[in-house]
Structures are given as structure tokens and as C-alpha cells.
Amino acid sequence: MTTPRIRLSGLRKTFGGTVALHDVSLDLHAGEVHCLAGENGAGKSTLIRVLTGALRRDAGEYRVDGRPMPMAVGPAAARAAGIGAVYQELSLLPDLSVAENLLIGGLPARAGVVDRRRMRTEAARKLERVGLDLNPLTPVAELSAATRQLVEIARVLGDDPRVVIFDEPTTALSGAEAKALLRRITALREEGVAVLYVSHRLEEMFEIGDRVTVLRDGTVTRAGALREFTEDSLIAAMVGRDVEELYPAAAGRSERTAPLLRVRGLRPRGSAHTVDLDVRAGEIVGVAGLLGAGRSELLRAIFGADPPVSGTVEVDGKRVPSGRPREAVRSGIGLLSEDRKELGLLPELSVRENVSVASLPAIASRGLLSRRRESERVDEVLDGLRLRAGSYDQPVSTLSGGNQQKVLLARWLVTDVRVLLFDEPTKGVDVGAKAELYTLIGDLASRGFAIVVVSSYLPELLGLVDRIVVLRRGAVVGDVPAAEATEESLLTLASTGRSDGTGRS
Ligand SMILES: Nc1ncnc2c1ncn2[C@@H]1O[C@H](COP(=O)(O)OP(=O)(O)OP(=O)(O)O)[C@@H](O)[C@H]1O
Ligand SMILES: [Mg+2]
């Protein structure tokens, strides 16, 4: 057997009282895709940050190509050893251009002056590696989440690393882009690169993975060739229990009531089209579309996070003031945005505070007793989401990515909103918690919420929602009952704007 590119043994990492990694061993070989699986908070990102030198390990051995790495590795040393990583939380600087981000640290300069032309061609070359045709001078702030993700990947691949680590790279990507990325990763493997791959999408692991190491609570529970696993056995290794029904039954949701959310002639900023949308109480409406179809923009316009150019939004017949999120919340609309850093978490505050922050005024005016009840309610919701944290009093910034997502969701669940707009609600959420989340969304619908879900993950839309609205370039090109849609029919609609009947079963 050849020397593994990376060998970890007896790895340990703690954060205060939390043991994030315990006695973890793992070999990563050249020319393999090695998947790292586990629930939210299992320790995957921590392991990655130890590998890239972003975190110092407490104990254990870390070898690269047989050479032992010092306890304090440091990012520069890891990079010099040929290790590149695409992190779960993107690290691009939004105010700089794509080119600047791609070449940071190594801007081509002649006599101390940045060589703009070389910068551009070099950046373009890096972008080409991920199939992005993009003006390198575009500021990163103007890019969609998916494009940013690809730029991030381009940056890492540009260094020609011999080990590439991906921490949930497809969460922001739509089906087609995710597929393209998986192909790219397979090509990397063929080139002899060692790939460590983290995803909560099991089918991706089965598609590209050679081997898998499963973490549970920081410990390796199983490791082996992926072909020795079935979906069920992999889930069982991750979750420690069986997850039977992923999607809730769409039972007894109301059909004939007037729409609770009524959107008319809404034109999001930057869009050439207006959108009408009705969602009844008890209904879950999915929004599908390719990247850039304007799905997030639609949700943000409804909520007022980006003031729309024109159009009206009503909740229960009452007009919601346009472009003012605070009024939207007061009118009963909540938006769970795709980017948890942005509309989001207050990193210094505790988990519990981050949940109750939206309902604070209400709690305060209701006095002490109800404050206690509110806090119980917060805990109840968090428990229900299986939030993994040492304590609900710890800063939210110390939670794993998927658990942070759950905190944002919990925030809306304790307020009095009746219309919930979800942008990629299960982004980064593990399979066990996904099932919980779907059940929860189903329950909310049965309780009379009107729910809109944007998801790039078509199986999720098909399994969860009642009706799917398809957007293409900002315009509604389809509105189909989920029961009559297939992945193919949605893709056809999303890409051509026509339902030509192919693929409809
Ligand atoms: N800076 C920190 N301070 C305290 N605890 C931390 C810190 N970073 C991570 N942890 C804890 O370590 C554990 C592992 O977290 P990690 O981010 O590695 O999980 P993960 O497997 O990547 O989860 P996810 O799938 O949600 O991304 C969690 O319990 C988390 O709360
Ligand atoms: Mg993580």
C-alpha cells in the first residue's frame, strides 16, 4: 500500500468542555474521494480546520506524505504541503473583485505595481477551471451565492493542491451546477488529487465517493468502502437510529380558503417581470428555477429585504407596507434567508437569545411570567429541532453550521408570523434533522401557516410541497401540483420555460 497523502491518528480536539473530536483516525489517499459523513455537530468542520491548520489539535498525529506535521501547523504550512480547502462558510471578501479574491496574497506585480492585465488573465484561467464565464473585475458582492461558491472553488484549485477538502460545496448550488461540480471532483480524482468530501446529500456521496468515514459526536463510528454501505446503513451509522419517513404526508391541508399571502404584480429590483402568487393557509408552495431565475430575489421582495420596484403584498387581505422588513414581520411574514451571516445570527449572543430576539418586544411587554414561558417555548422548539449544543447559553457562533441554521429557523417558530418564506431551509442540515424539519414544516402548514419554500434540491420540493411555481429569468413559467411534477418536468420548465411533456410520468 502506498503512503497515504494524509494520515491522522488519535486526533483529539476540545473546545472548553466540548469534545469535538475524540481519537479520530483517517487515511486519505491520492486518487480517491473520501467522504466524511456525520450529523450536524459531529465534528466534520473541526476535523477539516485541523487539517488546514486553522485550528490547533490537542493531541494525535497528523502526517502528510508520511512526514509528521507539528502540533501548531498553521495555514501557510498546510498550504505549502499542498492542502486546499473550500470551507462551509465562504471566505471571499465581498468588496473586492473576483480577480482580487482569486489572487489574494499573490497579486501579480511588476515593480510594485499590480499588473492588471495579468491579474485578469490569471483570474480568468482560474475561473475556467470551474467552468465560470465571468468578468473577473465583478465585485464579489454582486454575485449570487452559487457563483461565489464556484469562485471559492476556483481559488482553491488555482493553487494546484494535491489534497482538496470540500465542506458542503453543493449547498448553494442548483442541481445542474452541483452535477457539474461533482464531475469536476471526479476529474480531480483522475488527476491523482486526494479529495476529502463533506456533504449531507447521501446520493452525492454514493455518486462520487470511494470510501467514507462516519463521525458521530466526534468519534469515528464506521469507516470503509462506500459500496459496502446502503443509504440506510449509512444513515444509521451517522444518526444512530433509523430515519423512516423523510417527508411528511400532505394530510388534510385546507383547499378552499382565501389566500393568506397574496402577491400582485411584484417586480423585484433588477427583474424585468412581475410575479403574482397566492398561498393559502395550510399550503406549502415550492419555488423552483435555475440559478439566477430570481427565486431568492422574489422572497426578498415579498419580505421587503430588497424593496421591490412595484407591486403589492397582502397578508390576510391587509396590505403590507412595501420594502420594510420590520412591517413585514409585524404583518406576519417571516423570511429565513439563504445566507445566515446576512439576515442573521448575532454571533456574540447566546443560542437562546438568538432565537428570542425577534419576539423580544412581545416578551418584554408580556411581563415576567410569560417571559419564562417564552424561554420554555424557545427551549422546546430547539429541542424539537434536535439542536446540538453544549448549552443554549453558549454563543451561537460556536455552533456547527447546520445547527446555526436551526437557530434561525427556531427564531421564526417562536414569533407570531403566519407566512413563512424559506430560502433553502435545509441547507447544511443533516439527514436526521432534515426529517425533523420537514415534519415541522408540515406541522406548521397543518396549523394554518402559509409557506413558501425555495429549494434547489428538487427531491426536497417534490417530497415536501403541495404546489410548485417555476421561475425562469424572473417570470413564472409554470405552476404545477407537486404530485404531477417530476424532476425532469421541472428542469424542462425551468430551462426552456415550456412543458413539452417529456419526462412527465
Ligand atoms: N469555536 C468553537 N467553540 C466551541 N465549540 C465549538 C467551536 N467550533 C465548533 N464547536 C463545537 O464542536 C462540535 C463540532 O462542530 P463542527 O462544526 O465540527 O460540526 P460539523 O460536523 O461540521 O457540523 P455541520 O454538519 O452542522 O456543519 C459542535 O458541538 C460545535 O458546537
Ligand atoms: Mg460543518
Side-chain angles (χ1 to χ4, degrees), residues 8 11-24 26 34-58 60 85-91 149 152 165-172 196-202 204-205 212-223 234-235 237-240 243 339-341 344-345 347-352 354 382 385-410 424-437:
L8 293 174
L11 192 73
R12 181 179 178 83
K13 177 69 198 173
T14 56
F15 296 103
T18 309
V19 183
L21 295 171
H22 173 71
D23 196 17
V24 169
L26 178 148
H34 192 130
C35 299
L36 191 59
E39 284 185 286
N40 295 135
K44 305 178 297 295
S45 296
T46 304
L47 177 74
I48 289 170
R49 287 190 289 155
V50 167
L51 289 177
T52 60
L55 277 179
R56 195 198 148 104
R57 64 191 187 277
D58 297 345
V86 179
Y87 284 104
Q88 188 171 11
E89 304 294 340
L90 302 186
S91 59
Q149 178 77 66
E152 183 97 25
I165 304 169
F166 292 95
D167 197 353
E168 300 188 46
T170 57
T171 42
L196 187 65
Y197 190 77
V198 174
S199 172
H200 287 297
R201 298 184 184 170
L202 302 184
E204 289 181 356
M205 293 196 240
V212 62
T213 293
V214 183
L215 286 176
R216 183 156 84 229
D217 290 332
T219 311
V220 175
T221 53
R222 277 192 69 182
L234 186 55
I235 291 173
M238 289 186 335
V239 187
V243 176
D339 182 351
R340 49 184 167 257
K341 270 193 200 151
L345 291 170
E348 304 308 320
L349 294 189
S350 73
V351 170
R352 209 178 263 130
N354 263 281
L382 291 173
L385 290 170
R386 287 176 186 267
L387 189 88
R388 185 155 311 205
S391 132
Y392 295 159
D393 290 322
Q394 80 190 61
V396 78
S397 57
T398 63
L399 293 187
S400 75
N403 281 304
Q404 294 186 7
Q405 181 76 353
K406 293 187 211 169
V407 169
L408 278 180
L409 179 68
E424 309 284 357
T426 59
K427 182 174 165 182
V429 169
D430 71 56
V431 60
K434 243 180 216 161
E436 312 279 337
L437 215 72

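Counting starts at 1 for both ligands and their atoms, following the listed order.
- Taking each of Asn40, Asp217, Thr18 in turn, the one with a heavy atom nearest to atom 24 (P) of ligand 1 proves to be Asn40.
- Nearest heavy-atom pair across Thr170 and Ser199 is OG1-OG, 4.4 Å.
- Ion pairing of Glu424 with Lys427 is absent here, as no side-chain N (NZ or NE/NH1/NH2) approaches a carboxylate O to less than 4.0 Å.
- With a cut-off of 2.8 Å, the Mg ion (ligand 2) has an N, O or S atom of Ser45 in range.
- Taking distance alone, with nitrogen or oxygen atoms compared against 3.5 Å, Thr398 approaches ligand 1 more closely than that limit.
- In terms of heavy atoms, Thr213 sits closest to Ala223 at OG1-CB, 3.9 Å.
- At least one heavy atom of His200 lies less than 4.0 angstrom from ligand 1.
- The distance criterion of under 3.5 Å between nitrogen or oxygen atoms is met by Ala42 with respect to ligand 1.
- The shortest N/O to N/O separation between Leu47 and ligand 1 does not fall below 3.5 Å.
- When each of Thr18, Leu399, Asp217, Leu382 is tested with Arg388 by the rule side-chain contact (heavy atoms from CB on, under 4.5 Å), just one qualifies, namely Asp217.
- Heavy atoms only, all atoms of each residue included: Val212 and Ala37 are closest at CG2-CB, 4.0 Å.
- With a 4.0 Å heavy-atom cut-off, ligand 1 is reached by no atom of Lys406.
- The shortest N or O to N or O distance between Gln394 and ligand 1 is not under 3.5 Å.
- Of all the listed residues (Pro395, Gly41, Gly38), Gly41 holds the heavy atom that lies closest to atom 23 (O) of ligand 1.
- Of all the heavy atoms in His22 and Arg12, the pair that sits closest is ND1-NH1, 3.0 Å.
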